[in-house]
*Asks:* 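I'd like to ask some things about the structure below.
Chain A is the first sequence line, chain B the second, and so forth, proteins listed ahead of strands; every chain is numbered from 1. Please read all numbers here as calculations on a predicted model, not as lab measurements.
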Amino acid sequence: MMNSQPNTIEELMQRANDMAGVTLGDVAMEHNTPVPANLKRDKGWIGQLIEMELGATAGSKPQQDFLHLGVELKTIPIDHNGRPIETTYVTVAPLTNIQGLTWEQSVVCHKLSQVLWIPVEGDRSIPVGERRIGSPVLWRPNANEAHALQQDWEEIMELITMGKVDKVTARHGEVLQLRPKAANSKALTESIAEDGTVKLSNPRGFYLKINFTHQILTNAFN
DNA sequence: GAATGATCATTC
DNA sequence: GAATGATCATTC
C-alpha cells in the first residue's frame with residue numbers, strides 16, 4: 001500500500017510532522033507490512049516504509065525522491081542523544097566518463113540541494129517496531145556546508161580522475177567520504193587506471209559523515 | 001552489474 | 001565506542 005504523491009512541500013511536511021512520535025510498528029500496520037525482527041537482512045526497510053507513508057515515487061532512478069518538489073528523502077538512525085548512528089549514503093560515485101564533470105553538474109550536488117531528514121530511533125536494543133520516528137528536518141545546505149561538500153567532492157573526484165580510486169579511503173574528506181557500495185568486495189565496475197586506460201574496481205558510493213549530519217540536526221532543533 | 005533503500009561487523 | 005570496509009534485499 002502506497003500513499004499518493006504530495007503535491008506541495010507544505011503537504012509533504014504536514015505528513016512528515018504527522019509521523020513524529022509514531023512508532024515504526026504503527027506505520028507498518030497502516031500499510032499491512034510485517035515488521036522484521038532486526039534489520040540484518042532488511043537494511044532498507046525503514047527507508048522504504050517511510051517512502052510509502054510519505055508517498056515518495058518508488059523506483060531506482062538516480063534522482064531525488066520527490067523530483068517535482070526538488071526534495072530528497074533520507075531516514076537517519078539516531079541514538080538516545082539525537083546523534084546519528086550511521087553515515088548517510090548519498091549516491092553511487094561515477095568512476096568513468098568524468099572528464100569535465102563539475103560539482104554543480106554532479107548527482108551529489110543535486111541530491112543534497114534539498115533533503116527531508118527523518119530521524120528514527122536506531123538503538124539496536126529497541127525492537128524495530130517500537131522505534132519512534134522523530135520530527136522532520138527540511139534542510140538546504142548553507143554557504144559553509146555547500147563549500148565543504150564541494151571541496152571534498154572535488155578532491156575525491158580529482159583522485160578518481162587520476163586513476164587513484166583504489167587509494168581513496170574513508171579518511172579522505174571532512175564531511176563527504178567515499179566508501180565501498182556493492183554486494184560485496186568482489187563486485188567490480190570499470191574505473192580509470194593511472195595510465196588513463198580502463199581497469200576494474202570495487203564500486204564506491206558517497207556518504208555523509210556523522211559529524212556533518214549531526215550538525216544539521218542540531219542546527220534545526222536549536 | 002547498477003541503482004535504490006541502507007545497516008552490519010570487524011577493526012581501530 | 002567510533003569509524004572504516006563489507007555486506008544484504010530488491011528491481012530491472
*Asks:* Classify the side chain of K181(A) and the base of dG5(B) as holding, or not holding, a donor-acceptor pair under 3.5 Å.
*Replies:*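 Yes, a donor-acceptor pair under 3.5 Å.
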*Asks:* Using a cut-off of less than 4.0 Å, is there contact between a side-chain N or O of T88(A) and OP1 or OP2 of dA6(B)?
*Replies:*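 Checking dA6(B) against T88(A), no side-chain N or O comes under 4.0 Å of OP1 or OP2.
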*Asks:* dG5(C) phosphate, OP1 or OP2: any side-chain N/O from S185(A) under 4.0 angstrom?
*Replies:*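 No, outside the criterion.
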*Asks:* How long is the span from the CG atom in L24(A) to the CD1 atom in I50(A), to the nearest 0.5 Å?
*Replies:*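 Going from the CG atom of L24(A) to the CD1 atom of I50(A) covers 6.0 Å.
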*Asks:* Taking only the side-chain nitrogens and oxygens of R179(A), find out if one of them lies under 4.0 Å from OP1 or OP2 of dT4(C).
*Replies:*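 Looking at the OP1 and OP2 atoms of dT4(C), neither is under 4.0 Å from any side-chain N or O of R179(A).
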*Asks:* Which value, rounded to the nearest 0.5 Å, describes the distance between K164(A) atom NZ and I156(A) atom CD1?
*Replies:*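 It is 14.5 Å, given to the nearest 0.5 Å.
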*Asks:* Could you check how far CG of L95(A) sits from C1' of dG1(B), rounded to whole Å?
*Replies:*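 Interatomic distance, CG of L95(A) to C1' of dG1(B): 13 Å.
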*Asks:* Classify the nucleic acid contact of K111(A) as base, sugar-phosphate or nothing, counting any heavy atom under 4.0 Å across all strands shown.
*Replies:*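 The answer is sugar-phosphate, as K111(A) gets under 4.0 Å only of primed atoms, P, OP1 or OP2.
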*Asks:* Name the nucleic acid region contacted by E72(A), choosing base, sugar-phosphate or nothing; use a 4.0 angstrom heavy-atom cut-off, strictly under.
*Replies:*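 Touches sugar-phosphate only.
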*Asks:* To the nearest 0.5 Å, what is the distance between CD on Q151(A) and CG on L176(A)?
*Replies:*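 The CD atom of Q151(A) sits 12.0 Å away from the CG atom of L176(A).
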*Asks:* Can you tell me how far CD of Q5(A) sits from CG of L12(A), rounded to the nearest 0.5 angstrom?
*Replies:*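 It comes to 10.5 Å.
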*Asks:* Can you see if the side chain of T189(A) gets near the phosphate of dA2(B) - specifically, an N or O under 4.0 Å from OP1 or OP2?
*Replies:*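 Yes, such a contact exists.
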*Asks:* With nearest nucleotide decided by heavy atoms, which residue, Y89(A) or R124(A), maps closer to the 5′ end of DNA chain B?
*Replies:*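 Checking each residue's closest nucleotide, the 5'-ward one belongs to Y89(A).
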*Asks:* Just verifying a value: how many Å separate K43(A) NZ and L39(A) CG, rounded to the nearest 0.5 Å?
*Replies:*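 K43(A) NZ to L39(A) CG: 10.0 Å, rounded to 0.5 Å.
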*Asks:* What nucleotide among dC8(B), dA6(B), dG5(C) has an atom nearest to a side-chain atom of T75(A)?
*Replies:*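 Of all the options, the side chain of T75(A) is nearest to dA6(B).
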*Asks:* Looking for any heavy atom pair under 4.0 Å, which part of the strands does G47(A) touch: base, sugar-phosphate only, or nothing?
*Replies:*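 Sugar-phosphate, backbone atoms only, no base.
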*Asks:* Here's a test of your reading of the structure: between I210(A) and A183(A), which maps to the more 5' nucleotide of DNA chain C?
*Replies:*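 Going by which nucleotide is closer to the 5' end, it is I210(A).
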*Asks:* Are any of Q177(A)'s side-chain N or O atoms less than 4.0 Å away from OP1 or OP2 of dT4(C)?
*Replies:*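 Q177(A) to dT4(C) OP1/OP2: side-chain N or O found under 4.0 Å.
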*Asks:* Calculate the interatomic distance between W117(A) atom CH2 and dG5(B) atom C1'; express it in whole Å.
*Replies:*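 Roughly 14 Å, once rounded to whole Å.
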*Asks:* Students often get this wrong, so: under 4.0 angstrom with heavy atoms, is I85(A) touching a base, only sugar-phosphate, or nothing?
*Replies:*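 No contact.
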*Asks:* If you go through the side-chain atoms of K43(A), does one of them form a donor-acceptor pair with the base of dT7(C) closer than 3.5 Å?
*Replies:*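 Check passes, donor-acceptor contact within cut-off.
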*Asks:* Take N184(A) and H172(A), find for each the nucleotide of DNA chain C with the closest heavy atom, and name the residue whose nucleotide sits nearer the 5' end.
*Replies:*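 Here H172(A) is the residue nearer the 5' end.
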*Asks:* Would you classify R83(A) as touching base, sugar-phosphate or nothing, given that sugar-phosphate means primed atoms plus P, OP1 and OP2, and contacts are heavy atoms under 4.0 Å?
*Replies:*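 Sugar-phosphate contact only - R83(A) comes under 4.0 Å of backbone atoms but never of a base.
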*Asks:* Using a heavy-atom cut-off of 4.0 Å across all strands, would you classify D65(A) as base, sugar-phosphate, or nothing?
*Replies:*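 Sugar-phosphate contact only.
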